Q: 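Below is a structure I'd like to ask you about.
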Amino acid sequence: MNPHPVIEVEGLRKRFRTRRGPVEAVAGIDFRVQPGEFVGYAGPNGAGKSTTVKMMSGILLPSAGRVEVCGMVPYRERKRLARRMGVVFGQRTQLWWDLPLEESFELVGHLYRIPPAERAARLARLEEVLALGPLLAVPVRSLSLGQRMRAELAAAVLPAPEVLFLDEPTIGLDVEAKAAVRDFLRELNRDQGTTVILTTHDLDDITRLCSRLMIIDHGRLIYDGTVEALRTAYGTTRVLVVDLAEDEPVQVQGAVLARAEGRRRWLEFARDEVSAAELIARLLAGHEVADLTLEEPDIEDIVRRIYRGEAPP
Amino acid sequence: MAEHAGVYLRLAAASVRATARRPAYLVVRFLSAGMIVGIEVAGVVLMLDRFGSIGGWRPAEVVVLFGLAFTAQGLALVFGDTLEADKVSELVRRGTFDQVLTRPTSPLGWVVASYVDTRFVGRMLAGAVTVAWAADRAGVAWTPGRAGLAALAVACAATIIFGVLLAAAGFTFVTVQGSEAVNVLIYGGQYLASYPMQIYGSALRFVFVWVIPIGLAIYVPALGVLGRQGPAGLPGWLAWLSAPVAGAFAALGGLAWRAGIRHYVGTGS
């Protein structure tokens, strides 16, 4: 393996003092990220995701342990690291809100000391890939969420960072905008070799983009491996939620009754054993059904199940 | 740092351009900031008229002090308004400050340049107009030396106020609820500086000259501007001491700011 990882984290801890006593947001985690990896970083709210990202980007000082990004200690060499790292927070803007979009790009160019010719060349490419041309003269505050997210990405990668930290970049976006963001990130990672750390709740983002997935819960890394392995191990269980016409016991071949509440039944079944269509057909053959929905397992569900020790990793 | 100056100028220019995109809003803010000064000065003039003089100072002379203080405050707030406790808490609360920390610039330079508030230029100009008007009524014959003293008073007082704001901002990173205490400091201090210090008696006078350097920054140079004799034992060269005192305030403010950031990075929000 490459002897020089882009990110090295060893025994990393962060304790916060709160009114209810000390809380260990990150409770000793270790990992390395090699150049060009696309890592999904998931976990329930408050699991320690953003605290880890903040320690990697120099916003927070670790309580213990070691973190190095691009060979630098983030909090000690914050400004120097900032030149080689990009950060996009999905719900905040780093663009100049009241000014036309093109002025943000110009300012980023100056901030990161990108030579004008270089900036023009990179911008031309980004404008094409992200379809920004018509937006350049529009004030940022007038952009739609999807347009703004494309612009945020362009601004973040304009300085050609080696590492890109993304926090919920597709949150609130419609299907089309999500696809545009994902296509862009995939190409960026493949063509420029940019290392990407993606924090998200969206399992879809992770399965479509990430070669590797890390799951954190209660400050500990509880999964670090390929998305494939996780999917085979845990993502195969789907749930059919059924509202029966009458309150009666249900038994369907290929499914397990996971929960019952009034006339509602949760039927778990394995994706590779039976199709939803087949299961529904079997169900309808023996019961009268008022309504039904199909639930795919979400990342938090998987996290919870791994953490509870149901189906060990 | 020199190459950085360009970046901060660009940030400041962007902030001004952003405000200028709403010219009506800008004009209203500008005028209202100026009008507030006008109203407050009118109040002081009316009040002083009843007394005739305070501690041997004629109303017009007092208003000169007042005007210098307003000008200094306007100047300090053009750059320092964003350091007020409520604004800093807002930056922290909305996560904006985290983003500032991911930029390849000094956080202070970024925050100050990005939130230049042109509204306070209105306060500055109104303060300057007040000084000119009151000095005329007080019969001040302007000389380059007196103008220089007035400029010194404004620059030093502004630096002191900026230093205090900076320290308060640093403190805000620790408490995130300093608003009230800071306002008492700024406006309370301002209020004191606006009245001749003789009314405070000789022992307290000494304390205020040193303990409240706003008084030092404006009062002592103003004696020179008005051509007045200071209280006994106050040498004329004391006016120039305003500069190092102001510098010390700015330096202490800078230290407090840095300590605040260290605390913030250590604890996080």
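All of these numbers come straight from a predicted model, not from anything done at the bench. Reminder, nothing fancy here: chain letters follow the sequence lines and each chain counts from 1.
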Q: Answer whether the closest heavy-atom distance between the side chains of A/Arg80 and B/Pro104 falls below 4.5 Å.
A: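 A side-chain contact under 4.5 Å is absent here.
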Q: Tell me, do B/Arg17 and A/Pro100 make a side-chain contact under 4.5 Å, heavy atoms counted?
A: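 B/Arg17 does not reach A/Pro100 side chain to side chain.
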Q: At a heavy-atom separation under 4.5 Å, does A/Leu111 approach chain B through its side chain, its backbone, both, or neither?
A: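 Backbone plus side chain of A/Leu111, per the 4.5 Å heavy-atom cut-off to chain B.
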Q: Under 4.5 Å heavy-atom distance to chain A, tell me which part of B/Arg21 shows up: side chain, backbone, both or neither.
A: side chain
Q: Give the minimum heavy-atom separation between B/Val100 and A/Arg78, together with the two atoms involved.
A: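 Closest pair (atom of B/Val100, atom of A/Arg78, distance): O-NH1, 4.2 Å.
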Q: For A/Gln94, is it the side chain, the backbone, both or neither that has a heavy atom under 4.5 Å from a heavy atom of chain B?
A: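 Backbone plus side chain of A/Gln94, per the 4.5 Å heavy-atom cut-off to chain B.
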Q: Between A/Leu60 and B/Tyr264, which heavy-atom pair has the shortest distance, and what is it?
A: CD2-O, 4.0 Å
Q: Side chains of B/Leu11 and A/Trp96: closer than 4.5 Å at any heavy-atom pair?
A: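 In short, these two side chains touch, coming nearer than 4.5 Å.
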Q: Please indicate whether A/Arg66 has more than 12 foreign heavy atoms, meaning atoms of other residues, nucleotides or ligands, lying under 6.0 Å from its CZ.
A: yes
Q: Compare all side-chain heavy atoms of A/Tyr75 with those of B/Leu101 and state whether any distance is below 4.5 angstrom.
A: no
Q: Quick check: closest heavy atoms across A/Met85 and B/Thr102, and the distance to 0.1 Å?
A: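 Nearest pair, atom of A/Met85 first, then B/Thr102: CE-CB, 4.1 Å.
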Q: So for A/Thr93, is it side chain, backbone, both, or neither that comes closer than 4.5 Å to the heavy atoms of chain B?
A: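 Answer is backbone: N, CA, C or O of A/Thr93 sit under 4.5 Å from chain B.
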Q: Can you name the nearest heavy-atom pair linking B/Gly266 to A/Leu61, along with the distance?
A: CA-CB, 4.0 Å
Q: Going by heavy atoms in the side chains, are B/Gln99 and A/Val87 under 4.5 Å from each other?
A: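 SC-SC contact between B/Gln99 and A/Val87 ruled out.
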Q: Report which part of A/Met55 has an atom under 4.5 Å of a heavy atom belonging to chain B: side chain, backbone, both, or neither.
A: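 Contact with chain B: none, neither part.
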Q: Measuring only between side-chain heavy atoms, which start at C-beta, is B/Arg94 closer than 4.5 Å to A/Arg92?
A: no
Q: In terms of heavy-atom proximity below 4.5 Å to chain B, should A/Pro159 be classed as side chain, backbone, both, or neither?
A: neither
Q: May I ask you to test the A/Asp98-B/Arg22 pair for a side-chain heavy-atom distance under 4.5 Å?
A: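 A/Asp98 reaches B/Arg22 side chain to side chain.
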